[in-house]
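Numbering of ligands and ligand atoms starts at 1, following listing order.
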Amino acid sequence: MAADSFARRLLAWWDVHGRKNLPWQQERTPYRIWVAEIMLQQTQVGTAAPYFERFVARFPDVEAVARADLDDVLHLWSGLGYYARARNLHRAAGIVVREHGGTLPDTAAALGALPGIGRSTAAAIVAQAHGRRAPILDGNVKRVLARRRRVAGPVSSTATLDELWRLAESHTPQDRAADYTQAVMDLGATVCRRRRPRCGDCPVRTGCLAFAAGDPERYPEAAPRRSRRLERRRFFVLVDPDGACLVERRPPAGIWGGLWSPPERDARETVRGFLDEAGVDAGLVDEIRAAHVFRHGFTHYDLDVEPVYVRLRSRPAAVREDAGRWIDPNDHRLGLSTVAARLVAASLIPAGRVR
Ligand code: SF4
């Protein structure tokens with residue numbers, strides 16, 4: 001399929017203005033593109049880049065990820081959020097080693113059968129790692145195409161997605177598949193931005209219906225908003241005389257699944273109730289102090305985090321190794337959520353100075 005004028009103008013623009021020094025563009029192996037695409041699913045380029053560099057330095061290939069403990073993978077993902085991505089990456093690496101001889105499959109269909117790889121991510125790997133035509137439809141591309149044709153309807157609806165996929169199919173050229181894929185993502189990220197798109201600098205503004213109508217920010221239409229709920233939970237941070245904190249592994253599914261965290265309990269749980277449940281003798285307690293509540297936002301709700309620090313005179317024998325681990329806040333190799341890392345780091349602040 002010959003490039004249409006949209007693709008031609010986009011590629012000409014990308015040749016001059018496109019991003020060409022991103023870490024995953026330097027050595028475009030299927031593995032590196034896969035890791036980058038998974039990180040970029042929910043994270044912007046600038047944030048993802050240092051995580052990507054650390055990840056591929058520690059795990060240079062699929063086998064290294066498959067061999068690793070999930071804890072090591074989550075540790076390198078700590079702070080990046082959406083941890084199901086890391087769990088799926090780890091699971092998928094195991095499948096690639098067991099069922100594909102350690103080589104990532106090179107078709108969109110086989111890639112799409114792996115955990116965490118959807119239709120657009122599979123296509124992005126095929127296009128960028130193998131240079132074959134494969135239309136993508138990530139968040140950036142949805143925005144560009146929805147504005148260009150003023151595609152109405154919530155972007156999450158099947159009808160809207162079908163229309164956007166049809167447009168993506170129609171514009172994707174046969175040649176320069178990798179460059180086109182990067183170009184259309186770059187346009188969405190740097191020119192056709194969510195807020196205040198730079199239409200004056202846009203290479204495809206001719207033919208853009210939203211530009212002509214003066215209403216680009218109306219597209220794509222957001223899904224109807226559900227009311228945002230607020231939850232409150234207590235986090236008990238046990239600190240031993242050496243400053244080590246107790247963390248326990250969270251269940252594999254759900255928020256922060258598989259990560260480690262100071263014990264989280266219902267907001268009505270009392271200190272005494274928690275210590276009894278944990279098997280900590282009240283005589284071991286040196287000091288109890290509550291720190292300021294802080295709010296952490298998730299996609300669909302907010303969580304008020306209520307920290308309770310319990311300094312102990314000695315480490316209780318009752319806390320078994322399989323129930324939790326004592327970690328040095330400055331030196332550990334476990335995956336902690338952003339909230340858990342903040343709680344543990346605050347244990348280092350002398351009493352009375354917790355902010
Ligand atoms: S003209 Fe504006 S709205 Fe249209 S694609 Fe370009 S940046 Fe987006």
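- Remark: minimum distance from atom 4 (Fe) of ligand 1 to any protein heavy atom is reached at Cys208 SG, 2.3 Å.
- Judged by distance alone, the side chains of Trp260 and Asp71 do bring a donor and an acceptor atom under 3.5 Å apart.
- Between the side chains of Asn140 and Arg143, at least one donor N or O sits under 3.5 Å from an acceptor N or O.
- Taking atom 2 (Fe) of ligand 1 as the reference point, the nearest protein heavy-atom neighbour is Cys199 SG, 2.3 Å.
- Remark: Arg8 fails to qualify as a cation-pi partner of Trp13 under the 6.0 Å distance and 45° angle criteria applied to the six-membered ring.
- Checked against side-chain contact (heavy atoms from CB on, under 4.5 Å), Arg149 has the following partners two or more places apart in sequence or in another chain: Val151, Leu167, Leu209.
- For ligand 1 and Cys202, the ligand atoms under 4.0 Å from any heavy atom of the residue are 1 (S), 5 (S), 6 (Fe), 7 (S).
- Distances from atom 6 (Fe) of ligand 1 show that Cys192 has no N/O/S atom below 2.8 Å.
- Residue Pro216 has at least one heavy-atom neighbour below 4.0 Å for each of these atoms of ligand 1: 3 (S).
- Those atoms of ligand 1 with a heavy atom of Arg205 less than 4.0 angstrom away are 1 (S).
- Contacts between Arg147 and ligand 1 below 4.0 angstrom, taking non-hydrogen atoms only, involve the side chain exclusively.
- Between the side chains of Thr43 and Tyr51, no donor-acceptor pair is found at a separation under 3.5 Å.
- Between Asp302 and the options Arg233, Arg229, Arg228, a salt bridge (Lys or Arg N to Asp or Glu O under 4.0 Å) holds for only Arg228.
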